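Below: one structure, written as structure tokens.
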Number of protein chains: 2
Amino acid sequence: MDQRTYNQYCATARTLDLVGERWTLLLIRELLTGPKRFGDLQAGLRGLGTGLLAARLKHLEREGLAHKITLPAPARAPAYALTEAGEELGPAVLALARWGLKWAMGERRESETFHPGWAVLGLRSCFDAEAAAGLRAVYEFRIGEEVLHARIDDGAIETLHGPAQRPDAIITIGEEAFLGLTGHDHTLAEAIESGAASVSGDEEALRRLEELFRLPSPHDRKPAS
Amino acid sequence: MDQRTYNQYCATARTLDLVGERWTLLLIRELLTGPKRFGDLQAGLRGLGTGLLAARLKHLEREGLAHKITLPAPARAPAYALTEAGEELGPAVLALARWGLKWAMGERRESETFHPGWAVLGLRSCFDAEAAAGLRAVYEFRIGEEVLHARIDDGAIETLHGPAQRPDAIITIGEEAFLGLTGHDHTLAEAIESGAASVSGDEEALRRLEELFRLPSPHDRKPAS
DNA sequence: CGGCATCCATTTTGATACTG
DNA sequence: CAGTATCAAAATGGATGCCG
């Protein structure tokens with residue numbers, strides 16, 4: 001797995017030598033929203049067997065992109081987290097996500113799995129730093145079964161799995177309705193209207209929510225010409 | 001990944017379904033500096049056989065990321081170019097390059113190939129838009145056997161293979177000396193001093209050159225702890 | 001639950017030879 | 001030069017069993 005190198009003295013090629021194998025960037029995507037346990041990682045990556053997952057994790061550890069940790073009490077369970085180097089792959093993963101939002105997200109296919117955590121990372125990929133100037137707020141998203149939060153601090157954003165300590169605003173919405181948002185089927189206001197979503201907390205923070213994340217309108221890669 | 005898809009309704013996964021296979025992102029890297037012929041593509045991707053290259057190109061065409069063109073006269077030769085969708089993968093490729101410049105570029109290994117075109121893309125990845133505010137200039141780089149140019153227009157940059165029509169400044173340098181620049185072995189001024197490089201053209205444009213591109217200092221992914 | 005080992009069917013790849 | 005055709009060597013996916 002790392003004997004197969006591109007053998008090019010090129011920053012892109014060297015990076016892909018490290019994280020270009022199948023599953024690796026998705027593994028990093030999972031870890032970008034916080035440390036995860038072996039089983040949870042596998043749950044987020046259906047199709048990846050335990051053997052390959054273990055091999056990939058070992059590779060990331062050897063290369064200094066992730067490391068094994070012990071979750072704080074009371075969990076005390078083993079888990080994996082990104083190192084500083086791994087964390088800094090965030091911009092690259094988000095750039096891929098940003099492209100995908102614009103050029104590759106059509107209707108959800110029947111066979112495709114979906115986890116709200118991915119969506120929050122997608123949100124982060126279209127975060128508008130300028131629109132967040134001067135804003136300092138923590139949002140908690142409760143989407144389907146999952147809970148995530150985004151901490152925004154004047155142009156900077158951090159999105160992590162789990163509840164927030166002291167959220168300024170809470171958005172609760174079902175998976176289906178959330179997919180309707182990303183698919184431009186309806187707005188958040190409409191979802192609230194119809195009862196599919198509910199919000200609470202600081203009104204000012206909630207008002208600014210829609211400016212913060214600008215979902216690109218989907219484009220067709222193969223125009224009818 | 002034609003049949004082998006991640007099957008996730010996730011922007012990152014969908015993108016990797018399209019361009020995550022081996023060689024694909026490097027192929028796009030090659031095309032990001034302008035249209036290329038089949039043979040030139042293969043030259044830039046040592047190790048990629050003609051069969052796989054043809055398959056990858058066909059895949060990119062089918063997916064609307066690249067298309068086959070005929071070079072303008074007098075060449076009139078077949079070549080491949082990126083579509084708008086393909087072009088927009090630039091930010092993602094550059095993000096990977098930026099990461100690699102910081103975390104993965106140690107000494108050049110004996111077996112590694114090197115092409116100046118990669119370096120210019122690397123330069124572009126660390127282009128500082130703020131430092132280019134108000135600047136409008138075209139630089140021509142003659143590195144080893146290759147010629148490339150960068151057109152800078154007030155925060156925007158475009159880097160293409162080939163000579164510029166009307167360059168404001170020309171930088172001529174050998175491959176070895178150029179690698180010394182990226183490896184922080186010496187500065188451009190020192191290379192000029194020692195006769196390894198030479199510059200000509202607008203003095204103002206040349207003075208601003210070093211502010212425009214900020215090479216990150218290399219970091220160790222595995223600190224001695 | 002976490003994680004490694006093994007066996008096996010299927011894909012992907014790498015290298016080379018071959019054709020218009 | 002621009003590709004096709006072919007075949008051997010990896011990598012992957014899936015099932016399964018094991019051990020702490």
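Nothing here was measured: the structure is a model prediction, and the numbers come from that model. Letters A, B, ... mirror the listed sequences (proteins, then strands); counts begin at 1.
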Give the rounded distance in Å between these two atoms: [atom1] of [X] and [atom2] of [N].
X: B:Gln42; N: C:dA15; atom1: CD; atom2: P; value: 11 Å
X: A:Asn7; N: C:dA15; atom1: CG; atom2: P; value: 11 Å
X: A:Leu26; N: D:dT12; atom1: CG; atom2: P; value: 13 Å
X: B:Leu53; N: C:dT16; atom1: CG; atom2: P; value: 17 Å
X: B:Leu48; N: C:dG14; atom1: CG; atom2: P; value: 8 Å
X: B:Glu21; N: C:dT11; atom1: CD; atom2: P; value: 14 Å
X: A:Leu52; N: C:dA9; atom1: CG; atom2: C1'; value: 16 Å
X: B:Leu45; N: C:dT13; atom1: CG; atom2: P; value: 14 Å

Below 4.0 Å: OP1/OP2 of [N] and any side-chain N or O of [X]:
X: A:Arg22; N: D:dA11; value: no
X: B:Lys58; N: D:dT4; value: yes
X: B:Tyr80; N: D:dG3; value: yes
X: A:Lys68; N: C:dG3; value: yes
X: B:Arg37; N: D:dA2; value: yes
X: B:Trp23; N: C:dT12; value: no
X: A:Arg4; N: C:dG14; value: yes

* Asked: With sugar-phosphate meaning primed atoms plus P, OP1 and OP2, does A:Gly39 contact a base, only sugar-phosphate, or nothing at under 4.0 Å between heavy atoms?
  -> sugar-phosphate
Check your understanding: Base, sugar-phosphate alone, or nothing: which one does B:Arg46 contact when heavy atoms must sit under 4.0 Å apart?
Key -> nothing
Between B:Arg56 and B:Gly51, whichever has its closest DNA chain C nucleotide further toward 5' is B:Arg56
Requested in this report: Return the orientation label for the A:Phe141 and A:Phe213 ring planes: parallel under 30°, perpendicular over 60°, tilted otherwise.
Outcome: perpendicular
message = Let's go through A:Arg108 and B:Gln8 carefully: what are the C-alpha distance in whole Å and the side-chain angles of both, what is the deciding distance for side chain to side chain donor-acceptor pair (under 3.5 Å) to 0.1 Å, and is it a yes or a no?
response = CA-CA 9 Å; A:Arg108 176 179 174 194; B:Gln8 298 183 350; over 6 Å; no
Derivation of the salt bridge (charged side-chain N to carboxylate O under 4.0 Å, His left out) call for B:Glu107 and B:Arg109: CA-CA 6 Å; B:Glu107 281 298 299; B:Arg109 283 186 284 269; over 6 Å; no
Would A:Arg151 and A:Tyr139 count as a cation-pi pair here, with the cationic atom under 6.0 angstrom from the ring centre and within 45° of the axis?
no
Per atom distances to the A:Pro78 side chain, the nearest of C:dT13, D:dG3, C:dG3 is C:dG3
Note: B:Gly117 and B:Leu148 closest approach over all heavy atoms is CA-CD2, 3.8 Å
